[in-house]
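What follows is a single structure, written as structure tokens, with notes after it.
For clarity, every value in this text was computed on a predicted model and none was experimentally measured.
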Amino acid sequence: MGEADTIRYVPNILTVLRIGCAALLPLAGPLSPMFFTLYALCGITDMLDGFIARKFRCASPLGAALDSVADFVFAAAALREADDVLGVI
């Protein structure tokens, strides 16, 4: 397996990492350093997976579906934290 074969899995790995980080957001204390670390990691992996998939032309239907799931999990976790802090929902 060459470097080209290996790089095509990186976007999906980053997306799965983002799903895991987003799922951990509610376990971190609201507005804690761990929360901000996980939040930043979610944002960075979101940018990187799309960039790598486009740059190396390794976008896939699975990657697109995983990205949608990651976005949903992240949004749900962020809204839950907003409700804990602000009581808006």
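- Atom CZ of Arg57 sits about 15.5 Å away from atom CD1 of Ile52, to the nearest 0.5 Å.
- Here the OG-CG distance, from Ser60 to Asn12, works out to 4.5 Å after rounding to the nearest 0.5 Å.
- Partners of Leu48 by side-chain contact (heavy atoms from CB on, under 4.5 Å), not counting sequence neighbours, listed by chain and number: Leu14, Ile44.
- Distance check, rounded to the nearest 0.5 Å: CG of Leu41 to SG of Cys21 gives 4.0 Å.
- Counting heavy atoms from C-beta on, the side chains of Phe35 and Glu81 come closer than 4.5 Å.
- Residues Ala22 and Ala77 share a closest heavy-atom pair of O-CB, 3.3 Å.
- Both Leu25 and Leu27 belong to a single network of hydrophobic side chains, linked directly or stepwise wherever heavy atoms of I, L, V, M, F, W or Y lie under 4.5 Å apart.
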Output a table of donor-acceptor pairs, distance under 3.5 Å, between side-chain atoms of residues 61-72 and any protein atom two or more places apart or on a different chain; print 'none' if there are none.
unit_1, atom_1, unit_2, atom_2, d
Asp67, OD1, Arg18, NH1, 3.4
Asp67, OD1, Arg18, NH2, 2.4
Ser68, OG, Ala64, O, 3.3

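- No chain of hydrophobic side-chain contacts below 4.5 Å, direct or via other Ile, Leu, Val, Met, Phe, Trp or Tyr residues, connects Ile13 to Leu17.
- Taking the side chain as every heavy atom from C-beta outward, Ile19 and Phe74 never approach each other to under 4.5 Å.
- At a threshold of 4.5 Å between side-chain heavy atoms, the hydrophobic network of Ile, Leu, Val, Met, Phe, Trp and Tyr places Tyr39 and Leu24 in one connected group.
- Contact between Asp84 and Pro30 at its shortest, heavy atoms only, is CB-CG, 4.4 Å.
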